[in-house]
Amino acid sequence: MKLYNSLERNIVDFIPINDSEVSMYTCGPTVYDYAHIGNLRTYLFEDILRRSLEFLGYNVLHVMNITDVGHLSDDADDGEDKMLLSSRKKGMSVWDIASFYTEAFFKDCERLHIEKPHISCKATEHIDDMIALIKRIEKAGYTYEAGGNIYFDTSKMPGYGKLALLDRQNQISGVHIDIDSNKHNPRDFVLWFTKSKFENQAMQWDSPWGRGYPGWHIECSAMSMKYLGETFDIHCGGIDHLSVHHPNEIAQSEAATGKKWVNYWIHGEFLLMDQGKMSKSKGGFITLQSLIEDGYDPMDYRFLVLGAHYRSQLVFSTRSLDTARTSRQNLTAKIRSLLEEIGVNCGNELPYSQKSPDNPYIEQFKEDLRQDLNMPKALSRIWAVLKDPDLPSRERLSTAFEMDNVLGLGLKNECVAASELTPEQKTLIEKREEARSLKNWSESDRLRDELLSQGIVITDTPSGTKWTVKV
Ligand code: AMP
Ligand code: ZN
């Protein structure tokens with residue numbers, strides 16, 4: 001697989017540390033407000049990366065943080081704590097704000113078919129890990145104390161400029177760096193805050209440097225190393241993190257361990273509004289919920305995002321979303337007509353896994369993924385296969401469903417509704433649920449087999465029993 005590594009400013013071969021095992025960390029949301037659709041573009045890109053790696057046979061361990069403390073309204077330690085501002089504005093405690101918006105975030109992800117990270121970790125639950133890491137950085141001689149805060153001294157890190165990826169970012173946008181009078185160098189950053197900022201900060205912990213709270217960057221280093229080790233394969237985020245957050249993460253991690261921290265840095269480009277960048281803190285942003293209220297399906301937005309390469313800016317407009325919706329509806333209509341043609345009606349959404357179809361389309365599709373995630377091309381393959389008159393309908397469908405493991409458009413949902421089951425089949429499902437609730441496993445297995453013999457595949461999930469029809 002080839003991916004664009006921001007660190008090398010080039011498309012390079014992706015070679016994981018451990019054969020087919022991939023360790024992947026993605027910077028998660030700051031949970032002081034709803035995610036806007038720009039944020040969600042980044043999580044969609046990361047989801048597509050993870051699904052692609054899995055499709056190509058890698059075993060991915062995906063970790064994502066939840067920032068619920070310490071992120072100021074300017075990434076370089078300026079401004080106010082985002083959580084605190086939100087809590088004041090909404091009249092809720094910071095803890096309630098964090099749990100409310102964390103839940104809202106995962107709900108958006110679910111609606112967009114973004115796979116849950118294997119580990120999602122909250123900053124506030126890892127304060128000890130952060131303190132331990134700051135101690136290591138301190139011991140290695142990279143810190144100083146000023147005005148009650150502990151700062152990272154970037155001048156001690158000879159590679160900071162190179163690692164900071166500054167050349168590329170400075171070309172993209174002039175970076176504003178706040179001059180905090182405590183800082184020895186403008187690019188130095190806070191590892192631990194004490195009294196110098198916000199006396200009324202609700203979230204505070206004891207530390208060797210006084211009661212306070214962590215700077216924003218340290219959480220990603222501490223949690224990623226805890227779950228993925230001191231060197232791991234992939235670190236992702238939005239392109240804005242090239243300027244401050246990621247250089248700082250690299251500097252502090254490598255100062256602590258004395259070795260290379262991350263091998264591949266992969267950044268997703270921004271979603272732009274007609275009038276420029278979409279921003280959470282500046283207000284006026286669009287949420288997934290507002291799109292749904294305007295009558296769109298979350299899959300329309302997923303389709304729109306799939307149609308642009310992750311390293312290209314994507315300008316959002318109602319027109320572009322309408323076009324995506326029409327294309328997606330054409331695709332699902334085609335799927336439905338093929339299903340009708342072969343006389344199969346699927347039930348609800350669970351994918352029915354089957355052997356990968358043996359035709360050139362899957363190989364071409366994989367090649368698109370291997371070429372730095374060429375999703376626009378991969379998306380066009382699905383049309384090519386669905387329209388191929390030389391392939392039997394059944395194979396066209398199973399190939400499209402196979403591709404959908406990466407695209408995540410939920411194409412198997414495009415099947416005729418549950419009412420298409422015969423009354424006898426419905427009774428069998430009900431009887432099986434009854435047997436399960438009585439823990440009568442042999443009876444429930446017998447009923448499952450009976451349904452399977454009629455082509456109905458039963459799967460038990462945390463949200464209940466689902467069924468689908470074999471294609
Ligand atoms: P935040 O919750 O502000 O920390 O941002 C979450 C993620 O969204 C980060 O990876 C950002 O880089 C990314 N992000 C912020 N704004 C946009 C945007 N307009 N388009 C795409 N990604 C964005
Ligand atoms: Zn981060």
Side-chain angles (χ1 to χ4, degrees), residues 22-35 39-47 49-50 60-73 75 77 81-83 86 94-95 97-109 114-134 137 152 189-193 203 205 213-242 244-253 256-257 261-262 264-268 280:
V22 175
S23 40
M24 170 168 161
Y25 183 85
T26 54
C27 289
T30 306
V31 284
Y32 69 104
D33 204 339
Y34 292 108
N39 302 129
L40 293 170
R41 181 188 183 195
T42 292
Y43 299 111
L44 281 165
F45 135 67
E46 292 160 349
D47 181 60
L49 172 61
R50 171 176 153 185
V60 182
L61 176 58
H62 176 199
V63 177
M64 185 185 75
N65 66 311
I66 302 284
T67 300
D68 52 2
V69 66
H71 193 172
L72 307 190
S73 51
D75 287 353
D77 308 330
D81 184 311
K82 292 185 177 188
M83 300 293 298
S86 176
V94 276
W95 302 97
I97 290 279
S99 80
F100 180 85
Y101 288 112
T102 303
E103 201 175 304
F105 171 74
F106 283 117
K107 187 171 161 203
D108 281 349
C109 288
I114 294 173
E115 303 271 7
K116 256 196 141 170
H118 301 103
I119 300 174
S120 47
C121 35
K122 292 182 185 171
T124 49
E125 290 174 2
H126 292 77
I127 300 295
D128 289 349
D129 300 293
M130 295 186 221
I131 291 176
L133 188 62
I134 299 171
I137 301 167
F152 185 93
F189 55 92
V190 176
L191 296 168
W192 188 265
F193 288 106
M203 294 168 157
W205 295 264
Y213 58 101
W216 171 43
H217 316 292
I218 195 73
E219 65 177 81
C220 289
S221 297
M223 294 192 275
S224 63
M225 286 200 244
K226 174 168 182 159
Y227 296 109
L228 297 173
E230 291 188 353
T231 302
F232 57 91
D233 295 310
I234 296 180
H235 193 312
C236 300
I239 192 104
D240 55 328
H241 288 339
L242 268 175
V244 179
H245 184 48
H246 288 167
N248 293 354
E249 285 188 23
I250 296 172
Q252 66 198 5
S253 304
T257 66
W261 179 45
V262 172
Y264 298 89
W265 285 87
I266 307 178
H267 291 97
K280 237 196 245 186

Mind checking the OG1-CE spacing from Thr124 to Met203? Nearest 0.5 Å is all I need. 5.5 Å
Rounded to the nearest 0.5 Å, what's the gap from OH on Tyr227 to CZ on Phe232? Could you check? 13.5 Å
Is a side-chain N or O of Ser23 found less than 3.5 angstrom from the main chain of Asp233, in a donor-acceptor match? yes
Would you confirm whether Asp129, through its side chain, and Met223, through its main-chain N or O, come within 3.5 Å as a donor-acceptor pair? no
Calculate, to the nearest 0.5 Å, the distance between atoms CZ and CG belonging to Phe45 and Leu40 respectively. 14.5 Å
Between Gln252 and Ser221, is any side-chain donor less than 3.5 angstrom from a side-chain acceptor? yes
Return the orientation label for the Trp265 and His235 ring planes: parallel under 30°, perpendicular over 60°, tilted otherwise. parallel
Under 6.0 Å between ring centres: does that hold for Tyr213 and Trp192? no
Any side-chain donor near an acceptor of the partner, Tyr101 and Asp68, under 3.5 Å: no
Say you draw a straight line from CD of Glu103 to CG of Asp108; how long is it, rounded to the nearest 0.5 Å? 11.5 Å
Output for pair (His126 NE2, Ile66 CD1), nearest 0.5 Å, gives 11.0 Å
Which of these passes side chain to side chain contact (heavy atoms under 4.5 Å, CB included) with Ile234: Val60, Leu49, Leu228? Leu49
Would you please classify the geometry between the Phe152 ring and the Phe189 ring as parallel, tilted or perpendicular, with 30° and 60° separating the classes? parallel
His217 and His245: side-chain donor and acceptor closer than 3.5 Å? yes
Backbone N/O of His62 and side chain of His118: donor-acceptor pair under 3.5 Å: yes
Name of the residue among Ser120, Cys121, Cys220 meeting side chain to side chain contact (heavy atoms under 4.5 Å, CB included) with Val63: Cys121
For this output row, return yes or no: ring centroids of His241 and Trp216 closer than 6.0 angstrom. yes
Kindly compute the distance separating CD1 (Ile114) from CZ (Phe105), expressed to the nearest 0.5 Å. 6.5 Å
